[in-house]
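First the structure, in the form of C-alpha cells, and then the observations on it.
Below, chains carry the letters A, B, ... as their sequence lines are ordered, and counting in each starts from 1.
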Protein chains: 2
Amino acid sequence: MSSNPAGDDEIRDPIREAHRLWEAHGWLEAANGMAMVTSIVRVHQLLLERVDAVLKPYDLTFARYEVLRLLAFASNGRVSMTRMGSLLQVHPTSVTSAVARLERQELVERLRRTTDRRVVLASITDHGREVVEAATVRLNEEVFEQPGLAPAEVLTATRLMTDLRAAAGD
Amino acid sequence: MSSNPAGDDEIRDPIREAHRLWEAHGWLEAANGMAMVTSIVRVHQLLLERVDAVLKPYDLTFARYEVLRLLAFASNGRVSMTRMGSLLQVHPTSVTSAVARLERQELVERLRRTTDRRVVLASITDHGREVVEAATVRLNEEVFEQPGLAPAEVLTATRLMTDLRAAAGD
DNA sequence: GATAGATGCTTGGACGTCCAGAGATGTCGA
DNA sequence: TCGACATCTCTGGACGTCCAAGCATCTATC
C-alpha cells in the first residue's frame, strides 16, 4: 500500500496521532484532555509492567504487594478486610480475592475478631514479612528510585495527579 | 486504640500517609517515586471510572471504544488485528477479545484478507459508526473537555506523561 | 427478648489483560 | 516440490476488578 521503506503507515506516537485526528475533526476543546487521559492510561500500563516484573520472582502482583505492605505496617500486623479496602481504595471483593491468594501462599492468615464475629482480620505471617521486606527493597531500587523523571519533575507530576484526584472527589 | 473523636486512625490521604511511612522507614530516595507511581495508579482508576460511566449507556467499555474509534478513523473502516494491537498498544489477545464482543454487538464484522488468508480484518458496521460518534460526543463533553485540571496544567501533565513513556521505551 | 434493619464478608459471573501454546497460512531455501 | 521457519490469530487459563446477590452477625426498637 505505502511506499514507506520502513513499513506501511509509520506512526511514531499513537497518542500524538490521536490528538491530530481529534483536532482534524474539530474537537478542539477536547483534544488536549483526550491526550492527557490517554497518556495517563498508557503510563499506568507501562509502570505496572515494570512493577510486576520486579515482583514476579516473589510470586506477587502489585495488588497483593499493597495488601502485604499495608499489613506489615499495621500494629500487630492485622487489619480488617473493610479497612483494607478503604485504605487501598479498592472494592471489598478485590480484597477478598487478594487475601485468598495470599492465604494460599501462606503469607497471610485469616482471623475472626472475637468481639464482632462478622469482622475478618487479615494477619501477616513471619514468612509474609520476609517476602514483603525483600520485595520492597527491590521495588525501591528498580522502580521508585528510578521513576523515569528528574526529581523536580517527579514532584510536579505527583502534585498534578493529586489535583486530579481532588477534582474527582478522592 | 486511638482517642480520635472522628473514629480511629483517621487518614485523610492514603498516598500521603504511605509517603510518610516510607520516609519513616528510611527509604528517602524512593519515597517520592513511590508517591508518584501510586498517584498515577489511583488517577488511572478514577479516570477510567468516569470514562466507563459515560460509555455505559452505549454498552461499551473504554477498551472497546478505542477499537471502534480506531476503525471509524481508518480508511474503509478496516484494520487488521495485529495492526490494531500495535496502534492501541495492547496484546493481540486483548484485540481478539474486544473484537469478539463488538462482533456480538454487531458493531464490527470480521473479514479475511484475500491476498493473505492469515490476516483478519475488523470492519466497522454502519451501526458501529453511529454508536461511536454518539459516544465520542458524550466523552468529549463530559470527560475530555473537563479533565479536572486547568488548560495549562493539562499540557504540563501530558508532557510529563510523555517523558515517562519515553523513559520506559515507549 | 424478638424482630427489622444495618453491617461485614463472600460467592458467582462478566469483562479486560496477560501468558503459553496450538492451528492455519505464507515464505524461503535446498 | 518439499520441508523448515515465520507470521497471524485464536483458545484456555490465571489474575484483577467490578456488580449483584446472599449469608452471617450485630444493633436498635418495640
Exercise. Name the one of D13(B), T38(B), N32(B) that satisfies side-chain hydrogen bond (donor to acceptor under 3.5 Å, both in side chains) with H19(B)?
Worked result: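 The side-chain hydrogen bond (donor to acceptor under 3.5 Å, both in side chains) with H19(B) is passed solely by N32(B) among D13(B), T38(B), N32(B).
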Minimum-distance nucleotide (side-chain atoms of [X] versus [options]):
X	options	result
H91(B)	dC18(D), dC18(C), dC9(C)	dC18(C)
R117(A)	dC18(C), dC26(D), dT25(C)	dC26(D)
R118(A)	dG12(C), dC26(D), dT17(C)	dC26(D)
V119(A)	dG8(C), dC18(C), dT10(C)	dG8(C)
R101(B)	dA20(D), dC9(C), dG16(C)	dG16(C)
S97(A)	dC9(C), dC19(C), dG16(D)	dG16(D)
T93(B)	dC10(D), dG12(C), dC9(C)	dC10(D)

Exercise. 5'-most contact on DNA chain D: S94(A) or D116(B), nearest heavy atom basis?
Worked result: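 Nearest nucleotide further toward 5': that of D116(B).
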Exercise. Relative to the 5' end of DNA chain D, which residue comes earlier, Q89(A) or V120(B), by the nucleotide with the nearest heavy atom?
Worked result: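 It is V120(B) whose nearest nucleotide is closer to the 5' end.
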Gap between atoms [atom1] and [atom2], on [X] and [N] respectively (whole Å):
X	N	atom1	atom2	result
R64(B)	dT17(C)	CZ	C1'	14 Å
R110(A)	dG8(C)	CZ	C1'	13 Å
R83(B)	dT7(D)	CZ	P	17 Å
L111(A)	dC9(C)	CG	P	12 Å
E103(B)	dC10(D)	CD	C1'	13 Å
L121(B)	dC10(D)	CG	P	11 Å
D52(A)	dT17(D)	CG	P	10 Å
K56(A)	dC18(C)	NZ	P	12 Å

Exercise. Are the side chain of S80(A) and the backbone N or O of V119(A) linked by a donor-acceptor pair below 3.5 Å?
Worked result: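 Judged by distance alone, no pair lies under 3.5 Å.
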For this session: Name the nucleic acid region contacted by T61(A), choosing base, sugar-phosphate or nothing; use a 4.0 angstrom heavy-atom cut-off, strictly under.
Result: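 It contacts sugar-phosphate atoms only.
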Exercise. Which is true for R112(A) with a 4.0 Å heavy-atom rule: it touches a base, it touches only sugar-phosphate, or it touches nothing?
Worked result: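 Nothing: the residue R112(A), judged by heavy atoms under 4.0 Å, touches no strand.
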For this session: Could you pick out which residue, A63(B) or R113(B), lies toward the 5' side of DNA chain C when each is mapped onto its nearest nucleotide?
Result: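 The 5'-side residue here is A63(B).
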Exercise. Hey, does the side chain of T96(A) come within less than 4.0 Å of dT10(C)'s phosphate (OP1/OP2), counting only N and O?
Worked result: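 For dT10(C), OP1/OP2 do have a side-chain N/O of T96(A) under 4.0 Å.
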For this session: With rounding to the nearest 0.5 Å, note down the distance linking CE in M36(B) to CZ in F144(A).
Result: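 The CZ atom of F144(A) is 9.5 Å from CE of M36(B), to the nearest 0.5 Å.
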Exercise. Distance from L47(A) atom CG to I40(A) atom CD1, nearest 0.5 Å?
Worked result: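 The CG atom of L47(A) sits 11.5 Å away from the CD1 atom of I40(A).
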Problem set entry | Steps toward salt bridge (Lys or Arg N to Asp or Glu O under 4.0 Å) verdict (E66(A), R69(A)) | CA-CA 5 Å; E66(A) 285 195 302; R69(A) 185 67 269 168; over 6 Å; no
Exercise. Is the shortest side-chain N to carboxylate O distance from R159(A) to D163(A) below 4.0 Å?
Worked result: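 Yes, charged N to carboxylate O under 4.0 Å.
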